[in-house]
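A quick write-up on the structure given underneath.
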Amino acid sequence: MNYIKLDKTRCKACYLCVDVCPKKLIIKGSQPNSLGHFPVEFKDPDNKCIGCAMCAMRCPDIAITEVVKN
Amino acid sequence: MIKTTEKLVFESPKSLKAGMKFPFCAGCDHGVAIRLVAEVLDEMNLKEKTIAVASIGCSVMLYDYLDTDCIEAPHGRALAAATGVKRTNKDKFVLTYQGDGDFASIGLAESLHAALRGEKVSAICINNTTYGMTGGQAGPTTIMGQITKTSPNGRNEEYYGYPIKIAEQIALCDGTAYSARCSLDSIANIKKTKEAIRKTFEVQLQGLGFGFVEILSTCPTNWHLTPQESHERVRNELFQVYPLGVYKEV
Amino acid sequence: MTKKLTTGNHAIAQAAINAGCDGYFGYPITPQSEIGEFMSKKMQELERAYVCAESEIAAINMVLGACSTGAKAMTSSSSCAVALMQESLSYIAADELPVVLVSVMRAGPGLGYIYPSQGDYNQATIGGGNGDYKIIVLAPSTVQECIDLTYKSFYLAQKYRNPTILLADGLLAQMMEPVEFNEYPYPEIPIEDWALTGAKNRASRAIYSLEPKEDRLVERINTLFNKYKQIEENEVEFEEYQTDNADLIVTCFGSIARNVKSAINQCREKGLKVGMLRPITLYPFPTKKYQELAKTTKKFLTIEMNMGQMVRDVRLAVNGQVPVEFFGKSVGQWLSVEDIIAEIERFNG
């Protein structure tokens, strides 16, 4: 199973990662963080993440702190 | 802790300070550019021999992000300071991280002469076509027609003249070993930018001369665009004025 | 040791080399261009750093960069070009970097001319950079002192991690005198605990002046001013000449002191009770010495090759205890021994 680790306290809700995920597994969140932003959420119930790390590469704030590939 | 069968394909680079958070606006490309610099420092094992030079602008607190030694230069003088560092410390790895206003307006003389002297340093210039930190005024790279706080009717020839094409100018200098223009608008271009940064570092280590990369970046706040729209602007408007490519490689 | 006939400019340059200067960065301007010329040859022979900078602004920032790594580095310049360096001197003071700047005064304002002048006393001691900061300023009056005070400039810059200006003038820079090049007499100051040497086996370091947090900025300025207090307590240097029972004390700095001394000798022969006090450190200024002498003398006469700059510091020091008069000609005009004697007789009368 491939997955990403998301640090929601770092997310500024620019949503650039939402657009680059080829499997559309990152969505705009509905719960605000301490910065007042609505950070993204990673939803992968069907284990579709391919571990491409494009979201992490795109993120300007290293809110996606790790990408793990099996 | 990841399992032994698992492979970490991305993690925060060691050359960034642990736990550090960028203070940039949401969607600003600075964070990507600085992370790429740190990734290349990691991959080339340069952290311990690096002396970075910070400039004035949004990039000023570079020392808060990079976990390397760092000196702050007065506005525009990063490459003069870098020259002083490198000439007295030939074994050190010296890089500057500057905005386009710092590099190509107030600091144009220092930048151009560092390139002409072939200083063995690496310079990274973030071109976002505006003075970001002061609130979005017209800068040396503001493109024709661009509306800013000090070009309310758009940049025109009569009042402002023309923007500077930095990578091309630096490529004209005999001391330059590498000059390229990259962009951070897409994943493909982020990867190319990282390779260009690597190249600017390599030419320094090989003693070939001045290494330079101009990175087209966004300023969503002052462009009054969303981060997504900002990258579209880079593609639709900036690429025509500032074509990507390697302008010199020795 | 045999004496060597040397110009002030060459004396300064050779002394810098003897002091272990690792890097010279400069841009030509008369009357100090010979320093850069000398350095271009010697530094390359010694395989030390030398750069023909594109401007004085670049030169001082190259020195800033070099000094941030603990290197001994310097630049030299003059008047209107030292004006260009003021922003960086403020940064350097805030960064606490051991920068040495040789400032050889010419006549101003503006482009002025290359005549000898002392018109940059204010520029050196007050400065034109922003914010609260102080620069150590040493003023030689002979070519031998050009050597000795160049050594001292490097030493004090390192000791206090503070920018230091050697303030000479065109007369001193261009004239030749027999001098002795003794060895650099000061101990080397360790740089390991602050210099940028690469973050190997230690945490990374940064040298910067930006302080967005108010309390931290206040703390840093207080640290600077505690250091300045130490400098003021420890480093005051002056020359006192024939001040015993003097009714009039002539006070001056730099090259004009040579004529003042001759004038005092002649006045003493005439039976006039005259002495001289010459600050060697313009900052720290010998305030206490003036206050001490104000108790015994009747008057001070400040003589400068300008329209009256140091006289303000003299008046601040004397603080109304006795009168402080000024004699000077507009910058660029040499004051002869006869001029000075006439003035002493006038003020003494």
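Convention: sequence-line order gives letters A, B, ...; per-chain numbering from 1. This is a predicted model, so every value here is computed, not measured. We use all heavy atoms of the structure for the numbers below, so side chains are in, but hydrogens, waters and symmetry mates are not.
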Exercise for the section: Report the distance from atom CG of B/L184 to atom CE of A/M57, rounding to the nearest 0.5 Å. Expected result: 12.5 Å
Practice task
Look up atom CG in A/D19 and atom OG in B/S186, then write down how far apart they are to the nearest 0.5 Å.
Solution key: 12.5 Å
Problem - Non-hydrogen side-chain atoms of B/H231 and A/L16 separated by less than 4.5 Å - result: yes
Exercise for the section: Report yes if the side chains of A/E66 and B/F10 come closer than 4.5 Å at any heavy-atom pair, otherwise no. Expected result: no
Exercise for the section: Heavy-atom distances under 4.5 Å only: say whether B/K194 touches chain A with side chain, backbone, both or neither. Expected result: neither
Exercise for the section: Check each atom of A/I4 against the heavy atoms of chain B and say whether the ones under 4.5 Å are side chain, backbone, both or neither. Expected result: neither
Problem - Test ring pair (Phe, Tyr, Trp, His ring centres under 6.0 Å) applied to B/F22 - qualifying residues, sequence neighbours left out - result: B/F24, B/Y65
Exercise for the section: With the side chain counted from C-beta on, respond yes when B/V9 and A/N2 share a heavy-atom pair under 4.5 Å apart, and no when they do not. Expected result: no
Completion exercise
Answer key: most heavy-atom pairs under 4.5 Å with chain B among A/A53, A/C52, A/A56 is A/A56
Problem - Heavy-atom side-chain contact between A/T65 and B/E11 under 4.5 Å - result: no
Exercise for the section: May I ask you to decide whether B/D29 forms a salt bridge with A/R58, counting only side-chain N to carboxylate O separations under 4.0 Å? Expected result: yes
Problem - Approximate separation, where rounding is to 0.5 Å, of A/D61 CG and B/M20 CE - result: 9.0 Å
Handout entry: Any A/V68 side-chain heavy atom under 4.5 Å of B/K7 side chain
Key = no
Problem - Closest approach of B/A26 to A/K12 (non-hydrogen atoms, all atoms of both residues) - result: CB-O, 3.5 Å
